[in-house]
J.: 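A single structure is presented below for examination.
Heads up: numbering here begins at 1 and tracks the sequence.
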Amino acid sequence: MVREVRYCTTKDGVRIAYCVEGEGRPLVIAPYLLESCSLHNLHPSFADFMREVASGHTAIRYDS
């Protein structure tokens, strides 16, 4: 499954990274294990969890 990293900018100029993967109804996942969405796939059990979630949804994770 392809994970795409995107960026948005707040009104005060802060850039926030977020990852999008999967297809289906959107599901926003708040950060709780790792602070950066680029590090999530380094933790094997979390990577497995995200593959399961994204198999039926568009999973959206953001950096805190």
J.: Decide yes or no for Ile60 and Cys19: does some side-chain heavy atom of the first lie under 4.5 Å from some side-chain heavy atom of the second?
T.: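 No. Closest side-chain heavy atoms not under 4.5 Å.
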
J.: Does Arg15 have any side chain to side chain contact (heavy atoms under 4.5 Å, CB included) partners at least two apart in sequence or in another chain, and if so, which?
T.: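 Counting only residues at least two positions away or on another chain, Arg15 forms a side chain to side chain contact (heavy atoms under 4.5 Å, CB included) with Tyr7, Thr9.
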
J.: Run the side chain to side chain contact (heavy atoms under 4.5 Å, CB included) test on Thr58 and Leu27 for me, step by step, so that the C-alpha distance in whole Å, both residues' side-chain angles and the decisive distance to 0.1 Å come before the verdict.
T.: CA-CA 6 Å; Thr58 297; Leu27 176 65; over 6 Å; no

J.: Between Arg61 and Glu21, does the side chain to side chain contact (heavy atoms under 4.5 Å, CB included) criterion hold? Intermediate values first, please.
T.: CA-CA 9 Å; Arg61 296 174 284 148; Glu21 62 184 302; 2.7 Å; yes

J.: Using the side chain to side chain donor-acceptor pair (under 3.5 Å) criterion, which residues pair with Thr10? Sequence neighbours excluded.
T.: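 With sequence neighbours excluded, Thr10 shows a side chain to side chain donor-acceptor pair (under 3.5 Å) to Asp12, given in chain and number order.
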
J.: Let me confirm one number: the OG-CD distance from Ser55 to Glu23, rounded to the nearest 0.5 Å.
T.: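 The distance works out to 11.5 Å.
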
J.: For the pair Tyr62 and Val28, evaluate side chain to side chain contact (heavy atoms under 4.5 Å, CB included) and give the outcome as yes or no after the intermediate values.
T.: CA-CA 8 Å; Tyr62 59 90; Val28 176; 4.0 Å; yes

